[in-house]
Amino acid sequence: QVQLVESGGGLVQAGDSLRLSCAASRGTFSRYAMAWFRQTPGKEREFVAAITWTGGYTAYADSVKGRFTISRDNVKNTVYLQMNSLKPEDTAVYYCAAKPNGYRINYIDGYDDWGQGTQVTVSS
């Protein structure tokens with residue numbers, strides 16, 4: 001089990017960039033696949049991006065491909081989400097999550113550990 005703490009959210013304008021960070025503790029971070037999900041009021045949590053424990057494979061939702069980049073630093077026990085060309089529809093609470101295996105990393109099933117979330121608001 002890992003403990004996750006997100007940071008880096010904020011209020012930006014359309015077209016701006018933000019980088020979210022998720023710091024992990026209490027676990028062997030390098031053994032977990034990591035992902036970012038997001039949620040808006042009244043909607044289900046949706047997949048954004050994921051990365052395997054080695055960083056050798058990444059997956060993205062179609063809505064963010066080419067704009068967002070997920071990466072990880074297994075020395076710093078941190079996963080990042082670089083978000084460029086932000087759109088108002090990217091407004092949501094962003095959560096990072098950890099999965100103790102590398103199967104179906106773009107599916108929410110199996111992500112047992114979650115952070116508290118960080119708000120991203122993009123104004124038009």
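Because only heavy atoms are used, hydrogens play no part in the values below, and waters and symmetry mates are left out as well, while side chains stay in.
- In the hydrophobic cluster analysis, where Ile, Leu, Val, Met, Phe, Trp and Tyr join through side-chain heavy atoms closer than 4.5 angstrom, Tyr57 is grouped together with Ile108.
- Minimum heavy-atom separation, Thr69 to Tyr60: CA-OH, 3.4 Å.
- One finds a salt bridge joining Lys65 and Asp62 here, because a Lys/Arg side-chain nitrogen approaches an Asp/Glu carboxylate oxygen to under 4.0 Å.
- Across all their heavy atoms, Ser124 and Ala14 have their closest contact at CA-CB, 4.4 Å.
- Following chains of ILVMFWY side-chain contacts shorter than 4.5 Å, one can reach Val122 starting from Tyr94, so the two form part of one hydrophobic cluster.
- The side-chain tip of Arg45 does not point at the ring of Tyr111 from less than 6.0 angstrom away and within 45° of straight on.
- The one candidate from Leu4, Val2, Thr52 that meets the side-chain contact (heavy atoms from CB on, under 4.5 Å) condition with Tyr32 is Val2.
- Remark: the backbone N or O of Phe29 is not paired with any side-chain donor or acceptor of Asn77 at under 3.5 angstrom.
- The line from CD of Gln1 to CG of Asp113 is 5.0 Å long, rounded to the nearest 0.5 Å.
- Note on Met83 and Phe37: separate hydrophobic clusters, where clusters join Ile, Leu, Val, Met, Phe, Trp and Tyr whose side-chain heavy atoms are under 4.5 Å apart, directly or indirectly.
- Counting only distance, with no hydrogens or angles, the side chain of Glu6 and the backbone of Cys96 share a donor-acceptor pair below 3.5 Å.
- Of all heavy-atom pairs spanning Ser85 and Ser17, the tightest one is N-OG, 4.3 Å.
- Across every non-hydrogen atom of Pro100 and Asp112, the tightest pair is CD-OD2, 4.3 Å.
- Crowding of Gln116 atom CD: a count of heavy atoms from other residues, nucleotides or ligands under 6.0 Å exceeding 12.
- Residues Val12 and Tyr80 fall into different hydrophobic clusters, defined by Ile, Leu, Val, Met, Phe, Trp and Tyr side chains chained together at heavy-atom separations under 4.5 Å.
- Gln119 places a side-chain heavy atom less than 4.5 Å from the side chain of Thr91.
- The one candidate from Leu11, Leu20, Val93, Leu81 that meets the side-chain contact (heavy atoms from CB on, under 4.5 Å) condition with Val120 is Leu20.
- Note on Phe68: it does not cluster hydrophobically with Phe47, by side-chain heavy-atom contacts below 4.5 Å among ILVMFWY residues.
- No donor-acceptor pair under 3.5 Å is formed between the side chain of Thr78 and the backbone N or O of Ala23.
- A donor-acceptor pair is defined here as one N or O able to donate and one able to accept, closer than 3.5 Å; no such pair exists between the side chain of Arg72 and the backbone of Gly55.
- Asn74 places a side-chain N or O within donor-acceptor distance of the main-chain N or O of Trp53, the cut-off being under 3.5 Å.
- For the pair Arg38 and Ser63, the minimum side-chain heavy-atom distance is below 4.5 Å.
- Heavy atoms only, all atoms of each residue included: Ala33 and Asn101 are closest at CB-O, 3.3 Å.
- Nearest heavy-atom pair across Ile70 and Ala35 is CD1-CA, 4.4 Å.
- The backbone N or O of Arg104 sits less than 3.5 Å from a side-chain atom of Lys99, completing a donor-acceptor pair.
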